[in-house]
Amino acid sequence: MTIHPSFPPLVLSALTAVSAMGAGLAATRAALEERRSGLAPSLPADDLPGTWTGRVAGLEAVRLPAALERFACRNNRLAELALQCDGFAEVVLAARERLGAARIGVVLGTSTAGIAETEAAYRRRGPGEVALPADFDFAGTHDLFSLARYVRARLGLRGPAMTLSTACTSGARSFLEGAALLRTGQCDAVVVGGVDTVCRMTLQGFNALALLAQGPTRPCAADRGGISIGEAGSFALLQRAEEAPGAPLRLLGAGASSDGHHMSSPHPEGLGAVGAMRAALDAAGLAPDAIDYVNLHGTGTRANDAMEDRAVSHLFGAAVPCSSTKGWSGHTLGASGALEAAIAAICVQAGLVPGCLGVEAPDPEFRADVVTANRHRPVRRVLSNSFGFGGSNCSLIIGRA
Amino acid sequence: MSGAPETAPPPVRCGIGGIGLLGPGLAGWAASEAVLAGMAPWQEAAPAVPPPAMLAPAERRRASLVVRLALAAAGEAVAGSGLAPEALDTVFASSNGDGAVVGAILDALATPGGDVSPTLFHNSVHNAAAGYWGIGAGSMRPSVSLGCHDDTFPLGLLQAATGVAAWGRPVLFCAYDAPLNPPLDACRPTAVPFALAMLLLPEGADGARATLGLRHRPEAPATEAAPRSALRTTLEEANPAARALPLLEALAARKPARLAWPLLDGMGLEAELSPC
């Protein structure tokens, strides 16, 4: 096989996103334009007074098809809701008719899968009982593969399906792995994206690390206090550009790196983040000045936002506006890269640079051009960052052809 | 074309360089080749899983069984390859991840007043072993971690080979799993620890011992005609990573082989192996 160093031109021939911002791209766009956050005080059952979360309304009522009932859990309900939005499932089914079910792959990211179901199974035990209830379906819910298996079965696809899990880069990384399947000709289209749902494990885990904000998260603020946990499901249908002429939105480049530094603290100088952004720019064959907006990982923790400012200003100086949209959605963990790829697409289509929510002025220590109010201007290309535990970094570039 | 159905994808090809292995009665690739080739008897014995020399002393002491297992196999595959560990993209594949850590957090969450340990939480991520590899190797190269239940080995191998073919770079592939603690052990029986790693190389690159072609199929392969070895009979159901054994046996025998793995939901993976 001939190796080409540059990234293959890929299109997003379908796209959808569900988060606390709303169900579908139109609702998400409206929330951005109207600067309306999806965050709300956490639930009493969360045992985290003062913290806020970004939950998707109405998930409990979402039903999976009867034949796939074994996959029922909050995570797969969110996947199902996302498949129903923006005509996503219909576009995939039409592609299936055209290309054949075996030519469409599924590569999805999650960090939690259905672990909320396992938490519930532990709680359902009687006093002194060790064994989990007999009706608990480990493979159908808890297991990471549950997500990709559910989506493949729900869409009637027969191509390779896999779940990847690289903490908070999972959703972004799925685009890069899907691109590899397209580039090697193993698939003609790949459903990529990520789904992650609020559960006690992540709420209490981030609380144990003292990384949860009191009140809604305020990324890039001088007095930022940490994360608000959110949940999201977002999918894209990736295809080679030559086979989907006319699709306006492209995945122009993608790049990944590792910090090789620490399990949960980013490299203080942001070397890994610079590596991922540079790899994405190189893959796209673009110079930094070709980027019109950087959607930051911007979790709202002191360490992440300071590191990311160093990394972004190292590459872009103060010439490219940047912001985090986690003030709207919360940090949706393994789905965040996929959600923010959809937000990047909205920004391109709407000509919008959304300013950080709830932030009067960015941290005065920051050198990058952090935006705190919405700006309307032409946005041709957006670079979107995701970073995660284990020192995982991934950057995507979404834009017009 | 040889009459394959229209939907048959082209095989994805790569070379196989160094190999690492650690499992019951399989104390490293070099020490296990004769057993895998059927030239020496297999004697089941719990593997000694060494602390990872590549980590700093504090991390080395605290490294869990899963991390030690993965890093031992990955280290053996790279040693002697002439390639620097920090220069390699990596694919780590595990069904259970660090299931003992996940289980300990679930226990804490189910205990009134039980606190989640912050260290356990960051070690619970599925890419923990990959993260420690990156820290130990001082690598800034891309790394991805997959979790695909019973299909973790065949799908991990497919995606690692896909990375090699797509981007023209060597990839270190490591598949590993370790037993879970109660009550999760009853939901996901994993009787023994097992890990293997392979350095996958671009087709035609120096240092390959064999060439591998892989093809995902939308149907299950025909049932194997030949009887399974004692090794496979014992280990394949005892650990999802041990589904690598047919490939490891073929590599040890140094003969061409056609292999196939049935995958969940009625799919299959076909492999063609040619010694160099």
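Each chain gets a letter, A, B and so on, in the order its sequence line appears, and its residues count up from 1. Every value quoted in this text rests on a predicted model; they were computed, and no experiment measured them.
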Find the distance between CZ (A/F138) and NE2 (B/H149) and round it off to the nearest 0.5 Å. 7.0 Å

Might you confirm whether atom CZ of A/R124 has over 12 heavy atoms from other residues, nucleotides or ligands at distances under 6.0 Å? yes

Side-chain donor/acceptor of A/R152 to backbone N/O of B/D265, under 3.5 Å: no

A/A161 and B/L155: which non-hydrogen atoms are nearest, and at how many Å? O-CD1, 3.3 Å

Turns out that what part of A/L182 lies under 4.5 Å from chain B's heavy atoms comes down to neither

Which answer fits A/F206, side chain, backbone, both or neither, if we ask what part of it has an atom under 4.5 Å from a heavy atom of chain B? both

Approximate separation, where rounding is to 0.5 Å, of A/L164 CG and B/F92 CZ: 15.0 Å

Here the pair of heavy atoms bringing B/S143 nearest to A/T166 is O-CG2, 4.1 Å

For the interface with chain B, which of A/P160, A/S264, A/A167 has the highest count of heavy-atom pairs at distances below 4.5 Å? A/P160

Taking the side chain as C-beta and beyond, is there a heavy-atom pair between B/L146 and A/L144 under 4.5 Å? no

Please identify, among A/H262, A/R123, A/H142, the residue contributing the most non-hydrogen atom pairs under 4.5 Å to chain B. A/H262

Interface check, chain A: of B/L263, B/L106, B/V116, B/L109, most non-hydrogen pairs under 4.5 Å belong to B/L106

Please flag which part of B/D151 lies under 4.5 Å from any non-hydrogen atom of chain A: side chain, backbone, both or neither. side chain

Checking B/A128 against chain A: side chain, backbone, both or neither under 4.5 Å from a heavy atom? both

Tightest non-hydrogen contact, residues B/P142 and A/R173, listed as CB-NH1, 3.9 Å

Taking side chain as everything from C-beta outward and backbone as N, CA, C, O, which of these in B/T162 sits under 4.5 Å from a heavy atom of chain A? Side chain, backbone, both or neither. both

Say you draw a straight line from CE of A/M263 to OG of B/S124; how long is it, rounded to the nearest 0.5 Å? 8.5 Å

What part of B/L264 is in contact with chain A, defined as an atom under 4.5 angstrom from a non-hydrogen atom: side chain, backbone, both or neither? both

Nearest heavy-atom approach of B/S95 to A/D143 is OG-OD2, 4.0 Å

Best-contacting candidate, B/P182, B/G147, B/G138, B/A186, against chain A by heavy atom pairs under 4.5 angstrom: B/G147

Can you tell me how far SG of B/C148 sits from CG of A/L147, rounded to the nearest 0.5 angstrom? 10.5 Å

Please rank A/R149, A/Q204, A/E119 by heavy-atom pairs under 4.5 Å with chain B and give me the top one. A/R149

Inter-residue atom distance A/L211.CG - B/H122.NE2, 0.5 Å rounding: 11.5 Å

Would you check, one step at a time, whether the test side chain to side chain contact (heavy atoms under 4.5 Å, CB included) holds for A/M201 with B/V102? CA-CA 9 Å; A/M201 177 171 286; B/V102 173; 4.1 Å; yes

B/Q159 side chain vs A/E177 backbone, donor-acceptor pair below 3.5 Å: yes

Please confirm whether the backbone N or O of B/R141 pairs with a side-chain atom of A/S258, one donor and one acceptor, at under 3.5 Å? yes

Min side-chain heavy-atom separation B/N127-A/T169 under 4.5 Å: no

Which one, B/I105, B/N123, B/V144, leads in non-hydrogen pairs under 4.5 Å with chain A? B/V144

Indicate yes or no: at least one non-hydrogen side-chain atom of B/D150 is less than 4.5 angstrom from one of A/F145. no

Select, from A/G388, A/A131, A/G159, the one with the greatest count of heavy-atom pairs under 4.5 Å involving chain B. A/G159

Under 6.0 Å from the CG atom of A/D135, do we count more than 12 heavy atoms belonging to anything else shown? yes

Taking every heavy-atom pair that is under 4.5 Å apart, which of A/T163, A/D47, A/T118 has the most such pairs with chain B? A/T163

Can you tell me if B/H126 and A/S165 form a side-chain donor-acceptor pair at under 3.5 Å? no

Heavy-atom pair count under 4.5 Å with chain A, highest-scoring of B/A110, B/P202, B/C187: B/C187

Need one label for B/V125: side chain, backbone, both or neither, based on atoms under 4.5 Å from any heavy atom in chain A. side chain

If you tally heavy-atom pairs under 4.5 Å between each of A/G390, A/S257, A/G272, A/A279 and chain B, the highest tally belongs to A/S257

Kindly assign one of parallel, tilted or perpendicular to the pair B/F121 and A/F389, based on the angle between their ring planes and the thresholds 30° and 60°. perpendicular

Decide yes or no for A/E129 and B/P183: does some side-chain heavy atom of the first lie under 4.5 Å from some side-chain heavy atom of the second? no

Value rounded to 0.5 Å, distance of CG in A/L181 from CG in B/L158: 6.5 Å

Could you tell me which portion of B/Y132 (side chain, backbone, both or neither) has an atom closer than 4.5 angstrom to a non-hydrogen atom of chain A? both

